[in-house]
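Only one structure is covered here, and it is reproduced in the block below.
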Amino acid sequence: MSDLVKRYTASVFFDKRLWQADITGSLAHAEMLAAQGIIGADDHAAIQNGMAQITAEIESGKFEWQLDLEDVHLNIEARLTQLVGDAGKRLHTGRSRNDQVATDVRLWLRSEIDLISELLVDLQRALLEVAGKNVEVILPGFTHLQVAQPVSFGHHMLAYVEMFARDSARMADVRQRVNFLPLGAAALAGTSYPLDRERVAIRLGMVDDSGKACVCQNSLDAVSDRDFAIEFTAAASICMVHISRMSEELILWMSQNFGFIRIADRFTTGSSIMPQKKNPDVPELARGKTGRVVGHLMGLITLMKGQPLAYNKDNQEDKEPLFDTVDTLKDTLRIFAEMVGGQLDAATGERSGGITVNPEAMEQAALRGYATATDLADYMVKKGLPFRDAHEAVAHAVKAAISHNVDLSELPLEVLKQFNPKIEKDVYDVLSLRGSLNARSTLGGTAPAQVRLQISRHRARLA
Ligand code: ARG
């Protein structure tokens, strides 16, 4: 091989990141080989000792990774053999790098999913905290980015809690399919050694809820499919899309034209030329990085397409997109929990330094767009007018309000009566933002009483 081809085919510079999973998988395999009498107890002990030393070497940065040894698996195995001789050469009995790497990626991804799940809980808690403080704060709800109806800012935050709750559930679901053992499939067809695959699975925690071993049941499939990685990246992409939508709102809300919120200076930067600027770099980057994660999903799914059974070297290309997806998602979730909800003081359980809300600006914006027009229509319907007629009457009322440059609630009763004689003084109760908010009391609606119920439900769920 020329140096160029060596560099082209090697993966050690990125797959060394799997070292811990590789050693864990090897130790489980060796323990089973010894229990089955395939290797001796002395060999097993030597392998354990050698791996302990290799672990120490890698952790202290003393391990010498070699390009010539291609990947993480061959690097660790070569060092093991250097340290313990023939026992090291026996480790690979009944195993291939094909089932080894599939196992390593699954073990690694499983622990990353667990971390991501914790971060998702943390972000939901941060959002709940903001929601809890802003149940009575009113902002305009938008459709088509046009003022539509007043909503509670707490309710708006809870919409994101719902999204991240589903992201959590998706991660938990993917985890179940990640947590299956390929080892024992060997190169592609299984092996002639009397392996106990279930023992290895149990040892590695690859079990279902009832404790039953989860073992891949077809050797060709076990070594070749990376659908679990694609699925994970799809779940990560959806989660990043949620982050991206929230980013877009944060960016709009902190612009001068909205002025709804401020985010702490440590998440923004100034401009090198315009001294007055405070740019929302973090949400903008998160929105941008969403493209990167969605790109990894496209990369992985295209990588798989057209591969014949069983293992092909194409699959070595699964690692970098997968690693980068995990890194990007974890960093983003961590930063967002802090940026939105503030830093958690472990001692007091209090958060500080999250977004600052400007209720006056939000309320003013809601007043500008005739956000209570639907409420006026509903009022007329309650007085007996068919909804379609009420809709039209209110359209005229809004026109009148626009021409007088006032809000609907500022039109005198005589004027309102021109649109429908049944309108009485009590109309002003529903024309206020607060009256409108309180009226939306269906399950899942924005009425403060409903929002509080939802907050308690989420708190109980996350407790
Ligand atoms: N580095 C390889 C990968 O990431 C390991 C498996 C190699 N197997 C083989 N037969 N060349 O997929």
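None of the values given here were measured: they were computed from a predicted structure. Counting starts at 1 for both ligands and their atoms, in listed order.
Take H296 and apply the side-chain hydrogen bond (donor to acceptor under 3.5 Å, both in side chains) test, not counting sequence neighbours, and it matches D324. Shown here are the side-chain hydrogen bond (donor to acceptor under 3.5 Å, both in side chains) partners of D318, two or more places apart in sequence or in another chain: R226. Every ring-ring contact (aromatic ring centres under 6.0 Å, His included) that F63 has, sequence neighbours left out, goes to W65.
Side-chain contact check for V223 versus P182: every heavy-atom pair is 4.5 Å or farther apart. At least one side-chain heavy atom of Y160 sits less than 4.5 Å from a side-chain heavy atom of R245. Looking only at side-chain heavy atoms (C-beta outward), M362 and I138 stay at 4.5 Å or farther from each other.
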Enumerate the pairs of nitrogen or oxygen atoms, one from ligand 1 and one from the protein, separated by less than 3.5 angstrom; state names and distance to 0.1 Å.
residue  : atom   : partner : partner atom : Å
ligand 1 : 1 (N)  : S11     : OG           : 3.4
ligand 1 : 1 (N)  : D71     : OD2          : 3.0
ligand 1 : 1 (N)  : Q316    : OE1          : 2.8
ligand 1 : 4 (O)  : K319    : NZ           : 2.6
ligand 1 : 8 (N)  : N98     : OD1          : 2.9
ligand 1 : 10 (N) : N98     : OD1          : 3.1
ligand 1 : 12 (O) : Y311    : OH           : 2.5

